[in-house]
Amino acid sequence: MELFNLKDPSEQVNFAQAVKQGLGKQQGLFFPKTIPSIDDVDALLAKPFNERSAEILGLLLGDEVDADTVSGMVNNAFQFPAPLAKVSENIYSLELFHGPTLAFKDFGARFMAQCLSTFSKDEKITILTATSGDTGAAVAHAFYGLDNINVVILYPKGMISPLQEKLFCTLGGNIHTVEVEGDFDACQALVKNSFDDTDIREGLHLNSANSINISRLLAQVCYYFEAIAQLPVGDRAKAVISVPSGNFGNLTAAMIAKTMGLPIKRFIASTNVNDTVPRYLETGEWSPNPTVATLSNAMDVSAPNNWPRIEALFEFDYLDKALLSGDRVDEEYTQIAVKKLNELGYVSEPHAGVAYKALSRSIEDDEVGIFLGTAHPAKFKESVENILGTPVALPKELADCANKTILSETIDSSFESLKAYMLKTLG
Ligand SMILES: *Cc1c(COP(=O)(O)O)cnc(C)c1O
């Protein structure tokens with residue numbers, strides 16, 4: 001797969017380079033030169049999830065990675081299902097939270113880990129990332145136990161939930177977690193300093209594994225096929241997909257799936273009150289406001305970093321702009337949606353609540369709606385319990401790690417401390 005930098009089209013790379021590099025010059029995103037289409041979508045939809053996913057990814061990556069390697073990567077990455085749960089007559093939830101960290105980010109992070117491991121066979125690399133929770137957990141579990149890769153995850157001391165901390169700071173092995181005496185911005189600044197430091201960048205073969213990595217999006221394309229495959233055949237062309245969005249990676253993947261030939265009628269970009277995109281779709285003006293904290297905090301983003309990729313899909317005529325509408329769901333309606341789902345017998349959480357609300361406002365009689373369940377309700381236990389007034393049980397993954405010991409080291413927020421830690425631990 002050949003890709004180019006959306007900010008500087010003269011920068012062209014293959015998939016392996018794009019995965020290793022993450023971002024292009026001037027922080028530009030990589031975008032495929034061409035997006036292939038699938039000849040016989042119905043035949044593909046009839047296949048099992050992993051076999052089908054290996055075929056989709058093979059079509060995208062086949063010029064660089066042989067078919068057996070692609071299937072091996074898919075089998076290592078996708079070890080949990082993505083079931084479509086019916087919540088009412090014409091509405092379904094695509095449950096993407098059955099992976100080890102109970103959120104959809106497991107799919108992308110695990111496939112990215114497989115890619116990096118495959119493409120850096122002969123050298124030991126170090127993944128360095130800062131997290132305020134979710135991403136760090138997904139990255140830690142995705143890379144855990146991979147031979148030639150060390151992972152260092154920085155997080156702000158006292159600012160992530162105790163359960164969240166247990167989920168990724170108890171693994172050990174090649175996963176090194178560091179609690180920084182500072183806030184999330186301080187953690188991000190340390191990551192940036194490390195990339196600017198030759199001893200660390202070159203000595204430890206540093207890589208960022210961040211959320212704009214193209215490998216994540218391609219992995220996510222596969223579960224949209226899995227969603228449509230589970231619909232009755234007669235309903236497939238009526239599907240409307242509502243994506244609870246923050247950085248808009250998930251929606252980008254949905255739209256790439258459509259570009260490849262997956263029958264999806266239209267898309268809804270659902271956001272909380274951080275509604276830069278819905279306002280832009282309505283007015284044509286891009287004017288981010290300051291970010292506001294909400295119940296659906298993984299979507300508290302006002303300058304979504306994947307948006308240029310969606311623009312590119314329109315600009316290069318892969319898709320018609322009219323296929324996408326936006327909607328903003330405020331805190332009150334998010335709670336109403338979580339309650340309504342509960343009345344329908346479906347325990348959910350605020351992110352999916354936003355997507356469900358936007359979908360139910362917009363769906364027509366002849367359509368079938370799918371909203372994405374991006375996280376397990378237990379991940380947002382406190383909010384869900386507050387909204388519903390009933391306890392939410394911990395799933396096995398969380399219950400199991402609640403008793404484990406946190407293995408993190410603590411450092412102050414100076415770069416000297418991080419550098420000393422990295423060279424001592426990994427050098
Ligand atoms: C990351 C995340 C989102 C937002 O996904 P994007 O791809 O950034 O739009 C939504 N819900 C949950 C639970 C998340 O963790």
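Both counts, for ligands and for their atoms, begin at 1 and track the order of listing.
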When distances are taken from atom 13 (C) of ligand 1, the protein heavy atom at minimum range is T374 OG1, 3.4 Å
Looking only at distances, can you tell me whether any N or O atom of Q220, backbone or side chain, sits closer than 3.5 Å to an N or O atom of ligand 1? no
Residue A298 vicinity, atoms of ligand 1 by number, heavy atom under 4.0 Å: 2 (C), 12 (C), 14 (C), 15 (O)
Run the side chain to side chain contact (heavy atoms under 4.5 Å, CB included) check on L94 and Y223 step by step: do they pass? CA-CA 9 Å; L94 177 64; Y223 56 64; 4.1 Å; yes
Any side-chain heavy-atom pair from F15 and C115 closer than 4.5 angstrom? yes
Mark yes or no for whether Q188, through its side chain, and V191, through its backbone, hold a donor-acceptor pair below 3.5 Å. no
How far is atom 5 (O) of ligand 1 from its nearest protein heavy atom, and which residue and atom is that? F104 CZ, 3.4 Å
Mind checking whether I127 and S208 have side chains closer than 4.5 Å, heavy atoms only? no
Can you say whether the rings of F31 and Y318 are parallel (under 30°), tilted (30 to 60°) or perpendicular (over 60°)? tilted
Counting each atom of ligand 1 from 1 as listed, which ones have a heavy atom of G249 under 4.0 Å away? 6 (P), 7 (O), 9 (O)
Which residue and heavy atom of the protein sit nearest atom 8 (O) of ligand 1, plus the separation: N247 N, 2.8 Å
Look at the rings of F248 and W307 and say which category their plane angle falls in: under 30° parallel, 30 to 60° tilted, over 60° perpendicular. perpendicular
Check whether any N or O atom of M299, backbone or side chain, sits under 3.5 Å from an N or O atom of ligand 1, and answer yes or no. no
Is there side-chain contact between L154 and L128, with heavy atoms separated by less than 4.5 Å? yes
When you measure from the side chain of N250 to the backbone N and O of S245, does any donor-acceptor pair fall under 3.5 Å? no
Based purely on interatomic distance, does A103 place a nitrogen or oxygen under 3.5 Å from a nitrogen or oxygen of ligand 1? no
Of all the atoms in ligand 1, which lie at a distance below 4.0 Å from a heavy atom belonging to P244? 4 (C), 10 (C)
Heavy atom of the protein closest to atom 4 (C) of ligand 1 (residue, atom name, distance): G246 N, 3.6 Å
Atom 7 (O) of ligand 1 - nearest protein heavy atom and its distance: N250 N, 2.9 Å
For atom 14 (C) of ligand 1, which protein heavy atom lies nearest, and how many Å away is it? K105 NZ, 2.9 Å
List every atom of ligand 1 that sits less than 4.0 Å from any heavy atom of A375, numbering the atoms from 1 in the order shown and giving each element. 13 (C)
Under 3.5 Å donor-acceptor, E331 side chain and T294 backbone: no
